[in-house]
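Report on the following structure.
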Amino acid sequence: MRIRNNISSINATRNQGINQGNMSKSLEKLSTGYKINRAGDNAAGLALSEGMRRQIHGLKQAMSNTKDGIGLVNTGEGALTEVHSMLQRLNTLATQSANGTYNSVARENIESERVQLLDEIDRIAESCNFNDIDLFDAKKDSSLPPPPKISDQIPLQIGCSQEETLTVQRYYVSSSAFKLDNIKFTSVEEANDAIPNIKKAVEAVSLIRSDFGSVYTHLEHTHKSLSVNRENLQASESAIRDTSMCDEFTNYTRDNILLQSAQAMMTQANAMSQNVLSLLQ
């Protein structure tokens, strides 16, 4: 029997400390929901998890970007719907004015409507924007070639890497761009001359709307793909980083029992030293 060094008590105290530390880690994992709270828990797992988080956040924002892109395309295409409608009305007026049964007063009324329709086409082209970003170039330049012609591009970021981009074309849209700024309906000859130009303008707007429709379809499929990729990455990151609550509760219960056992054994180890006193009686 020794009293200078109580090895049994030291051993019990050491094991108690180990069990106490394990319980603290289990409580941290249970309370945070993460089994990796610091690099010391799993350095490789932490690095992999943070890389996945970067991708997940990028994909989440890319999904938002595609939604914004869809909104932008819908705004432009909606404006062109009205432009198409007005062009169809212009075609009707040109065909009407080309008929020789109308007098000068009637033709003046037709001409007045033509002016109003072209002014509205120009107004739509100049004012159509998405978040203050002009969707069309409404330059009044009669030297422009026949439409549709691309002015420049609006870039969309549709992924979490710099290569994943999609561009929306910005077209020239105006009465001058469509070669309609010089048409008139004041005579049969002028009205007949205007009909081919209006036809080309209708075809040009159809091509622009078709381009917008293609971008819309692209963005819809992109959004679905991003959603699936994000879900799969989130599941993988969760498997690496998140706490398995059932397993951790099991560990916590085990360590709690071991801690209580270590405390009981430390009490017994300390009591053993008291037995020395019995020798002195």
Side-chain angles (χ1 to χ4, degrees), residues 55 57-91 114-183 194 196-227 229:
Q55 289 181 280
H57 290 309
L59 289 171
K60 182 179 180 181
Q61 184 56 51
M63 290 172 64
S64 179
N65 291 352
T66 58
K67 283 292 187 182
D68 291 341
I70 288 173
L72 182 147
V73 169
N74 281 339
T75 300
E77 206 273 334
L80 290 179
T81 300
E82 289 304 313
V83 172
H84 242 163
S85 178
M86 287 184 284
L87 290 175
Q88 296 293 0
R89 178 58 181 167
L90 282 171
N91 184 68
R114 176 196 68 80
V115 172
Q116 293 297 324
L117 289 172
L118 292 180
D119 284 347
E120 180 59 15
I121 289 174
D122 288 338
R123 188 198 67 81
I124 289 176
E126 291 174 0
S127 63
C128 184
N129 67 79
F130 183 85
N131 194 29
D132 291 333
I133 298 171
D134 292 332
L135 302 187
F136 306 111
D137 192 332
K139 291 180 180 177
K140 296 182 180 297
D141 187 352
S142 59
S143 65
L144 286 174
K149 290 296 178 182
I150 298 171
S151 169
D152 56 16
Q153 299 174 331
I154 301 171
L156 301 177
Q157 184 68 32
I158 59 172
C160 56
S161 64
Q162 65 184 65
E163 297 84 8
E164 297 177 89
T165 60
L166 177 66
T167 56
V168 178
Q169 309 294 350
R170 183 186 280 116
Y171 290 89
Y172 290 108
V173 174
S174 66
S175 59
S176 60
F178 292 148
K179 300 296 184 183
L180 300 178
D181 52 332
N182 293 321
I183 65 171
N197 288 346
I198 297 172
K199 178 184 176 183
K200 290 179 180 178
V202 171
E203 292 173 349
V205 174
S206 295
L207 289 173
I208 299 173
R209 291 183 68 184
S210 176
D211 186 32
F212 280 168
S214 298
V215 173
Y216 177 89
T217 302
H218 189 156
L219 289 172
E220 273 200 325
H221 287 292
T222 297
H223 188 273
K224 292 176 182 178
S225 176
L226 290 172
S227 180
N229 290 343

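N74 is linked by a side chain to side chain contact (heavy atoms under 4.5 Å, CB included) to I70, Y216, counting only residues two or more places apart in sequence or in another chain. Residues forming a side chain to side chain contact (heavy atoms under 4.5 Å, CB included) with T75 (at least two apart in sequence, or on another chain): C128, F130, L135. E203 pairs by the side chain to side chain donor-acceptor pair (under 3.5 Å) definition with nothing, not counting sequence neighbours. With sequence neighbours left out, Q169 forms a side chain to side chain donor-acceptor pair (under 3.5 Å) with Q153. For E120, the side chain to side chain donor-acceptor pair (under 3.5 Å) criterion is met by R123, not counting sequence neighbours. Scanning for side chain to side chain contact (heavy atoms under 4.5 Å, CB included) contacts around K60 gives R230, with sequence neighbours left out. Residues satisfying the side chain to side chain contact (heavy atoms under 4.5 Å, CB included) criterion with Q88, sequence neighbours excluded, are V202. Applying the side chain to side chain donor-acceptor pair (under 3.5 Å) criterion to N65, with sequence neighbours excluded, gives Q61.
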Audit row: N91, K199, side chain to side chain contact (heavy atoms under 4.5 Å, CB included) steps and yes/no: CA-CA 8 Å; N91 184 68; K199 178 184 176 183; 5.7 Å; no
Evaluate side chain to side chain contact (heavy atoms under 4.5 Å, CB included) for F178 paired with K200, printing each intermediate quantity in order. CA-CA 8 Å; F178 292 148; K200 290 179 180 178; over 6 Å; no
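To the nearest 0.5 Å, atoms CE (M86) and OG1 (T81) are separated by 10.5 Å. Distance CG/D119 to CD1/I124: 11.5 Å, rounded to 0.5 Å. One distance of note links NZ of K179 with CD1 of I198; it measures 15.5 Å at 0.5 Å rounding. How far CG of L180 is from CG of L118: 6.0 Å, rounded to the nearest 0.5 Å. Between H223 atom NE2 and S64 atom OG the span is 8.0 Å, to the nearest 0.5 Å. Note that CD1 of I121 and CG of L80 are 10.5 Å apart. Values are rounded to the nearest 0.5 Å.
For the salt bridge (Lys or Arg N to Asp or Glu O under 4.0 Å) condition, the pairs that include at least one residue of residues 63-91, sequence neighbours left out, are E77-R209, R89-E113. Applying the salt bridge (Lys or Arg N to Asp or Glu O under 4.0 Å) test to pairs two or more places apart or on separate chains, none has a residue in residues 211-224. Residue pairs meeting the salt bridge (Lys or Arg N to Asp or Glu O under 4.0 Å) criterion with at least one member in residues 144-170, sequence neighbours excluded: D152-R170.
S174 is listed as a side-chain neighbour of D122, based on a closest heavy-atom distance under 4.5 Å. In this structure, the side chains of L90 and L87 come closer than 4.5 Å at one or more pairs of heavy atoms. Put simply, the side chain of N129 does not reach to within 4.5 Å of the side chain of F136, judged on heavy atoms. At least one side-chain heavy atom of L166 sits under 4.5 Å from a side-chain heavy atom of H218. Contact of the I133 side chain with the I154 side chain is registered, since non-hydrogen atoms from C-beta on lie closer than 4.5 Å.
Not a single donor-acceptor pair under 3.5 Å links the side chain of D137 to the backbone N or O of Y171. Side chain of T217 to backbone of G213: a donor-acceptor contact under 3.5 angstrom is found.
The minimum heavy-atom distance linking S176 with K139 is given by the pair OG-O, 3.4 Å. The minimum heavy-atom distance between L226 and I158, with the atom names listed, is CD1-O, 3.5 Å. F212 and G76 get closest at one heavy-atom pair: CE1-C, 3.7 Å.
When each of T222, V168, T165 is paired with L156, the side chain to side chain contact (heavy atoms under 4.5 Å, CB included) condition holds for V168 and for no other.
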